[in-house]
Engineer: 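There's a structure below that I have some questions on.
Letters go in sequence order (proteins before strands), and every chain restarts at 1. Reckoned from all heavy atoms, side chains included, excluding hydrogens, waters and symmetry mates.
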2 protein chains.
Amino acid sequence: MSPTTDQTAPTNVTEVLERLDELIGTLPKRLDQCAAFTRRHLHLIAVSTVSDMAREAGVAPSVYMRFCQALGFSGYSEMQALFRVQYTAFRPAYDERIATLRPEMEGGPGALLAEFAEAGHKSLMSLANTVTSEGLGAIAQGMAAAPLLHLVGMRRAFAVVSNMSYMLGKLEVPAVLHSDTGRLGGPGVVGAGQAVFAATFSPFSQETLDFARLAKERGALVYGLSDVEDCPLAEFADGLLIARENEVAGFRSLNASLTLTTALVVAIGALQEGN
Amino acid sequence: MSPTTDQTAPTNVTEVLERLDELIGTLPKRLDQCAAFTRRHLHLIAVSTVSDMAREAGVAPSVYMRFCQALGFSGYSEMQALFRVQYTAFRPAYDERIATLRPEMEGGPGALLAEFAEAGHKSLMSLANTVTSEGLGAIAQGMAAAPLLHLVGMRRAFAVVSNMSYMLGKLEVPAVLHSDTGRLGGPGVVGAGQAVFAATFSPFSQETLDFARLAKERGALVYGLSDVEDCPLAEFADGLLIARENEVAGFRSLNASLTLTTALVVAIGALQEGN
DNA sequence: TCGCAAATGGAATAAATGTTCCATATGGTC
DNA sequence: GACCATATGGAACATTTATTCCATTTGCGA
């Protein structure tokens, strides 16, 4: 049937990978090129044409065709089908509009995930409503100008500030993450002229609010992130960002918060780069 | 030019979403069907034909065609192209990240935020493509059945596991967060029958991989989260989730990862509740 | 109930994509 | 250096998929 191989075709992505690893090195130059490229860009198959793949791999379409056959497929279409099913296999039970968690669990974890994804889309869309370019820009500038940044956030907000801490580190922007683990450095270490970024969602963390207020009294610039406008931080902060997260049966992810803070950190990085 | 609308075509997923929400309810029955279905299955567009989408939406292909035009596109192909680019965009080199950012910074931090929001939408969409309901369900069950959960993740993955840790705590599910801070408990504390959830994104953290492998050898169940299929965890893990994050000038947020793990944690909580 | 405008679905057509074939090139062996 | 087996890429062909057209249906206002 297939001229180049009598091996049976892989039936899932794992098998494709196995076969790829098995073949790489043993194939003719151009086919090896296909294998190497494909190995690194498996995810492109589902959305590309043979010509696309061939071009990116640097070979002629007919070569890529033969490569598919060497893998055991009848042709590109068959291989592509394998990579496409995984996209279509996941059928979120989105269709039926479900209101509470228990019915959501009826549809299995897939339906639950679909609900959270949907909530994520909405959260991201509402970001545009609560954040202005000027507000974000002012905060980015304030933070970029500070010689040292302090990040505070407890509980749900901790993931947000710890992620900021990681990214700022990568960008080589001096920042300290104040976690409540072992009570390392409190607000006492914040110096005048430095900047604090405090994140707290309702119900607000008293510790975070206290830290921010004390830092402010010590002459630091205080910026904040919250999920509602009437966060106590608003009273004294030099800038406050709002990221409202849509919830699923009372549970909230952090899509808007992380997207907003990621953009903020990158903006800070870009500003510092410019200096 | 286009008979059904003189509106200009959306240029990104965010705009498609907005236009969809704007249009739903105002369109004729069949077109509304298309809009409703498409709103819930955005992720299918990249890998489906018009007939596929039309069939799933319960309309004739020509109707779906007109729906694309009502959205402002010239046809299905043009719309599909919009959903395909996200997969084909290649990542720029690390060093050039800030440099490639310049164009985005031109529009101020607001434009940057919009870029990250757009990337977030795409990440959430592709989540439905890399995760199956069964896979997620199996992992949720395995983790719910374990007497103790261990969470491991360094660097970019740390925010993910620390958020899981927080949520699991709220749900009163016994879990230990292993951070590398001060080298608290290594894999030695993991007992047979317990479960480990290890998150690591490429380039993978050797520490996380080692932890997971040792735990596996000690008889624990190992589940993982990564951003690519060929993560070393795949070799020995009992279950692996994939969350691919779209990037902006080389920077990635954590939308897909957090949404996925949030759904996972809630599923675990619901399963334990049932016991 | 009739007439009209809009919507609908099926069938025809156009475009693109996948696949195969074959002439030419390449590399190894005697 | 000639021969043979194998690899390669372009061009022809076949198939699938997108798009348009049009006859029929539907729903609304007179």
Side-chain angles (χ1 to χ4, degrees), chain A residues 1-7 9 16 23-38 41 44-85 87-88, chain B residues 1-7 9 16 23-38 41 44-85 87-88:
Chain A
M1 188 113 318
S2 71
T4 36
T5 176
D6 46 13
Q7 185 103 13
V16 172
L23 288 174
I24 284 180
T26 75
L27 293 168
K29 196 177 117 206
R30 295 268 116 132
L31 294 196
D32 217 67
Q33 245 174 277
C34 293
F37 175 81
T38 304
H41 302 278
L44 291 183
I45 299 172
V47 295
S48 304
T49 65
V50 230
S51 338
D52 290 340
M53 292 301 284
R55 180 167 24 78
E56 294 298 327
V59 303
S62 51
V63 173
Y64 200 89
M65 204 69 225
R66 251 174 283 123
F67 161 72
C68 297
Q69 288 163 351
L71 247 43
F73 297 104
S74 69
Y76 183 73
S77 299
E78 191 177 307
M79 177 165 105
Q80 189 181 50
L82 189 66
F83 285 87
R84 281 188 172 180
V85 280
Y87 289 65
T88 48
Chain B
M1 186 112 318
S2 73
T4 35
T5 174
D6 45 13
Q7 187 101 13
V16 172
L23 251 37
I24 285 180
T26 74
L27 292 168
K29 196 178 118 207
R30 294 268 117 132
L31 292 196
D32 216 67
Q33 245 173 277
C34 294
F37 174 81
T38 304
H41 301 276
L44 291 182
I45 298 173
V47 295
S48 304
T49 64
V50 230
S51 339
D52 290 340
M53 292 301 286
R55 179 165 27 75
E56 294 296 325
V59 303
S62 51
V63 173
Y64 200 87
M65 204 69 223
R66 251 173 284 125
F67 161 71
C68 297
Q69 289 164 349
L71 246 45
F73 296 105
S74 70
Y76 183 74
S77 298
E78 190 177 306
M79 177 163 105
Q80 189 181 49
L82 191 65
F83 286 87
R84 280 187 171 180
V85 284
Y87 296 87
T88 53

Engineer: Mapping R30(A) and G75(B) onto DNA chain D by nearest heavy atom, which one lands closer to the 5' end?
Structural biologist: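 So the residue in question is R30(A).
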Engineer: Picking from dT8(C), dA18(D), dT8(D), which would you name as closest to the side chain of V63(B)?
Structural biologist: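 Looking only at heavy atoms from C-beta outward on V63(B), the closest nucleotide is dT8(C).
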Engineer: Look at the side chain of Y76(A) and decide which nucleotide, out of dG18(C), dT8(D), dA18(D), has an atom nearest to it.
Structural biologist: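 Within the option list, the nearest is dG18(C).
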Engineer: Which whole-number value in Å describes the distance from L27(B) CG to dA6(C) P?
Structural biologist: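 In whole Å, dA6(C) P lies 15 Å from L27(B) CG.
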Engineer: If you compare all heavy atoms of V47(A) against all heavy atoms of V47(B), which two are closest, and at what distance to 0.1 Å?
Structural biologist: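 Heavy atoms of V47(A) and V47(B) come nearest at CG1-CG1, 3.9 Å.
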Engineer: Strictly below 4.0 Å: does R66(A) bring a side-chain N or O up to OP1 or OP2 of dA7(D)?
Structural biologist: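 Indeed not, no polar side-chain atom of R66(A) lies that close.
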Engineer: What is the distance, rounded to the nearest whole Å, between atom CZ of F67(B) and atom P of dA7(C)?
Structural biologist: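 Atom-to-atom, F67(B) to dA7(C), this comes out as 15 Å.
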Engineer: Side chains of F67(B) and L23(B): does their closest heavy-atom pair fall under 4.5 Å?
Structural biologist: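 A side-chain contact under 4.5 Å is absent here.
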Engineer: Given dA7(D), dG9(C), dG18(C), identify the nucleotide with an atom nearest to the side chain of A60(B).
Structural biologist: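 Output: dG9(C).
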Engineer: When the distance from CE of M65(A) to P of dA12(D) is rounded to whole Å, what number comes out?
Structural biologist: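 After rounding, the reported distance stands at 19 Å.
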Engineer: Check whether any side-chain nitrogen or oxygen of Q69(B) sits under 4.0 Å from OP1 or OP2 of dT20(D), and answer yes or no.
Structural biologist: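 Affirmative; the distance criterion is met.
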Engineer: Rounded to whole angstrom units, what separation is found between the CZ atom of R55(B) and the P atom of dA18(D)?
Structural biologist: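 Result: 12 Å.
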Engineer: In whole Å, I'd like the distance from the CG atom of L31(B) to the P atom of dG27(D).
Structural biologist: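 Roughly 15 Å, once rounded to whole Å.
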Engineer: Calculate the interatomic distance between I45(A) atom CD1 and dT17(C) atom C1'; express it in whole Å.
Structural biologist: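 One finds 16 Å between C1' of dT17(C) and CD1 of I45(A), rounded.
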Engineer: Can you see which heavy atom on Y76(B) is nearest to which on M53(B), and at what distance?
Structural biologist: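 The answer is OH-CG, 3.5 Å.
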Engineer: How about Q33(A) and R30(A): does a side-chain donor come under 3.5 Å of a side-chain acceptor?
Structural biologist: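 Yes, R30(A) and Q33(A) have a side-chain donor paired with an acceptor closer than 3.5 Å.
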Engineer: Whole-Å distance between dT8(D) P and Y64(A) OH?
Structural biologist: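 Nearest whole value for this atom pair: 15 Å.
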Engineer: Could you check which of dT8(C), dA18(D), dG18(C) has an atom nearest any side-chain atom of P28(B)?
Structural biologist: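 When the side chain of P28(B) is considered, dT8(C) is the closest of dT8(C), dA18(D), dG18(C).
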Engineer: For a quick test of reading the model, state the closest non-hydrogen atom pair linking L44(B) to F37(B) and the distance between them.
Structural biologist: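 Heavy atoms only, the tightest pair is CD1-CZ, 4.1 Å.
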Engineer: Looking at the side chain of S62(A), which of dT8(C), dG10(C), dC21(C) is the nearest nucleotide?
Structural biologist: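 Shortest atom-to-atom distance from the side chain points to dC21(C).
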Engineer: How many whole angstroms separate atom CE of M79(B) from atom P of dA18(D)?
Structural biologist: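 Atom-to-atom, M79(B) to dA18(D), this comes out as 11 Å.
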